[in-house]
Amino acid sequence: MCAKIASLEHRALGLSSWYISCPVGRYSHFRVFLGKIGMAHARISANLPPDIDPTKAPIAFGARALPKLNEELQSPELLTQQRALMALCDLVHDPENVYQAVRIGFLDTLKTLVPHHDSTVRQKTTEVLSIMAMHNVGRQGLIDNGVISALGELLDDPVDICRKNTHQVFEMLAKLPEGAVGIVTAGLIPSLVLKLKTELDEIQELILDTLSNCLHVEASEALAADAIPILKEKLTHSSVAIISKAAWVLLAAGTHPEGKTAICEEVTPVLVSLLEDADPEVQASATGALMFATIKPQGRFSALHAGAIPHLLKLVAEETSRARLNAIKTLTMLAELPQGRQTLLDHIDTFQQCLNDPREAVQRAAETAISVIKWKPF
């Protein structure tokens, strides 16, 4: 099977015999080849430069393996460091090895290699860290050992794959509350927001995922860095993934009072237009962001004037819509305006249908909406 893959790659990409013999070069190139077939845009390649010796360091037997590699990472010989990192990339896929690596102090060594002058060392170091971040013990180790601040130095790295690996680490760490706090505490939020203007689409997606978790913790730094105008621009991006993720970041920003105000003033009409998007993920994220925006009276008026009610009613009527719950809650907010209540009185049946939804949260939201719409002043 491997021989067939190698043959296919060799014919399709014209790879040299070095790439065919090297597992890292072979499979990463094959992924790029498949990406070119199925994707319209280029992907960041993890291939090493052709002048780099890909040979892995010999791995010592048993419990001596990781300590030996840790010693070789601290060697003054560049080739020794590169080979040790190649071997380490394989070992840290095993969570037991990740645990052992954290325990014997690997992270302190890896931190010293993050700003290394050699791009291959930086690439493989960040790759090791990104693999470790896939495991819970690795994420906790990275947080506890101050790796976040060290990686912050690579946001402007000239090598695309180094930056991608770095942002993969941030995205994984931000999934933990303490990781999100660590990124905020390290002062990286303004830089991450500004990188949305210049980074490759592939990296922008990672940044948006990171921000959506971090902004639940703290939004003031992002708002001060003009996050709302930048995210508004991303809502008109050609990539569905970026549109959806930008809307989720806006939703996170909307959980804070200052975020709600900024969204009301600048973004509500764009969010309303996204309710018609064909992608269910975009609809769901846009409806969620709109729900938080309409908590404020200004947001309700803005959504009403932007024609949100017909689009939201359509989402409520779709039993399989992921946005159904948030659409009901948003319409409940709009029903507090006299004009909104008057319009929705003609659509009580749509909400009554939701009482049969298998989700209890949808049933409760529909009951609340009906009571608000039918409310009359004494």
Side-chain angles (χ1 to χ4, degrees), residues 211-212 215-236 243 246-277 282-317 321 323-348 350-351 354 361-362 364-378:
L211 289 174
S212 66
L215 264 61
H216 282 294
V217 175
E218 173 61 49
S220 59
E221 290 188 355
L223 296 173
D226 291 329
I228 300 300
I230 294 173
L231 292 169
K232 178 182 178 181
E233 182 180 346
K234 296 303 171 186
L235 294 178
T236 58
I243 293 173
W248 281 118
V249 178
L250 286 167
L251 188 155
T255 61
H256 301 270
E258 62 270 31
K260 291 184 182 70
T261 301
I263 293 172
C264 291
E265 293 175 351
E266 302 184 45
V267 189
T268 301
V270 182
L271 292 174
V272 171
S273 69
L274 291 178
L275 299 179
E276 295 183 281
D277 196 278
V282 173
Q283 289 179 344
S285 53
T287 308
L290 195 61
M291 177 185 66
F292 280 104
T294 52
I295 291 176
K296 283 184 165 288
Q298 183 182 357
R300 294 173 209 159
F301 282 110
S302 180
L304 193 64
H305 293 318
I309 288 181
H311 304 308
L312 291 168
L313 284 171
K314 183 179 179 181
L315 294 174
V316 172
S321 172
R324 194 179 206 186
L325 177 59
N326 286 341
I328 294 172
K329 292 182 177 181
T330 305
L331 286 169
T332 304
M333 298 290 184
L334 297 181
E336 295 185 5
L337 298 176
Q339 184 181 346
R341 182 180 298 111
Q342 187 63 40
T343 302
L344 292 171
L345 278 171
D346 297 329
H347 299 278
I348 293 294
T350 302
F351 294 94
C354 297
V362 172
R364 291 198 305 268
E367 290 173 356
T368 302
I370 292 171
S371 65
V372 171
I373 294 169
K374 289 184 174 181
W375 177 85
K376 293 181 179 180
F378 295 105

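Keep in mind that what you see is a predicted model, and the values were worked out from it rather than measured. These values consider heavy atoms only, across backbone and side chains, with no hydrogens, waters or symmetry-generated copies.
- Side-chain contact between Leu334 and Ile309 is present, with at least one heavy-atom pair separated by less than 4.5 Å.
- Between Ala306 and Pro269, the closest heavy-atom pair is CB-CA, 4.1 Å.
- No donor-acceptor pair closer than 3.5 Å links the side chain of Ser302 to the backbone N or O of Gln298.
- The structure places OG1 of Thr368 at 13.0 Å from CG of Leu331, a figure rounded to the nearest 0.5 Å.
- You'll find the side chain of Phe351 reaches within 4.5 Å of the side chain of Ile373, heavy atoms only.
- Applying the salt bridge (charged side-chain N to carboxylate O under 4.0 Å, His left out) test to Glu258 and every residue at least two apart in sequence or in another chain returns nothing.
- Remark: the backbone N or O of Asp277 is paired with a side-chain donor or acceptor of Gln283 at under 3.5 angstrom.
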Derivation and outcome, side chain to side chain contact (heavy atoms under 4.5 Å, CB included), residues Lys296 and Thr261:
CA-CA 8 Å; Lys296 283 184 165 288; Thr261 301; 3.0 Å; yes
How far apart are the C-alpha atoms of Ser285 and Leu251, what are their side-chain angles, what is the distance that settles it, and do they pass the side chain to side chain contact (heavy atoms under 4.5 Å, CB included) test?
CA-CA 7 Å; Ser285 53; Leu251 188 155; 5.8 Å; no
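- Note: Leu211 CG to His216 NE2 = 11.0 Å, rounded to the nearest 0.5 Å.
- Closest of all the heavy-atom pairs between Cys354 and Val316 is SG-CG1, 3.5 Å.
- Side chains of Leu275 and Val282 form no contact here, defined as non-hydrogen atoms less than 4.5 Å apart.
- In terms of the salt bridge (charged side-chain N to carboxylate O under 4.0 Å, His left out) criterion, Arg341 has no residue partners (sequence neighbours excluded).
- Pairing each heavy atom of Ala289 with each of Leu271, the nearest pair is CB-CD1, 3.8 Å.
- Side chains of Thr268 and Thr294 form no contact here, defined as non-hydrogen atoms less than 4.5 Å apart.
- Atoms OG1 and CE, on Thr330 and Met333 in that order, are 7.5 Å from each other to the nearest 0.5 Å.
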Run Leu274 and Leu290 through side chain to side chain contact (heavy atoms under 4.5 Å, CB included) and show every step you take.
CA-CA 10 Å; Leu274 291 178; Leu290 195 61; over 6 Å; no
Are Leu315 and Arg324 close enough, and set up right, to give a side chain to side chain contact (heavy atoms under 4.5 Å, CB included), and what steps lead you there?
CA-CA 6 Å; Leu315 294 174; Arg324 194 179 206 186; over 6 Å; no
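- Under a 3.5 Å cut-off, the side chain of Arg300 and the backbone N or O of Ile295 do form a donor-acceptor pair.
- Interatomic distance, Lys374 NZ to Leu345 CG, rounded to the nearest 0.5 Å: 9.0 Å.
- Atom CG of residue Leu344 and atom CG of residue Leu313 lie 6.0 Å apart, to the nearest 0.5 angstrom.
- The environment of Glu336 atom CD is dense: over 12 non-hydrogen atoms of other residues, nucleotides or ligands sit within 6.0 angstrom.
- Nearest heavy-atom pair, Leu215 versus Ala222, reported as atom, atom and distance to 0.1 Å: CD1-CB, 3.8 Å.
- Listed here is the closest heavy atom pair of Val217 and His256: O-CE1, 4.0 Å.
- Between the side chain of Lys234 and the main chain of Ala246, no donor-acceptor pair closer than 3.5 Å is present.
- A donor-acceptor pair under 3.5 Å is absent between the side-chain atoms of Ser321 and the main chain of Ala317, judged by distance alone.
- In this structure a side-chain-to-backbone donor-acceptor pair under 3.5 Å is missing from Lys329 to Ala365.
- Here the closest heavy-atom approach between residue Ala252 and residue Ser212 is recorded as CB-O, 3.4 Å.
- Distance CG/Leu312 to CG/Asn326: 10.0 Å, rounded to 0.5 Å.
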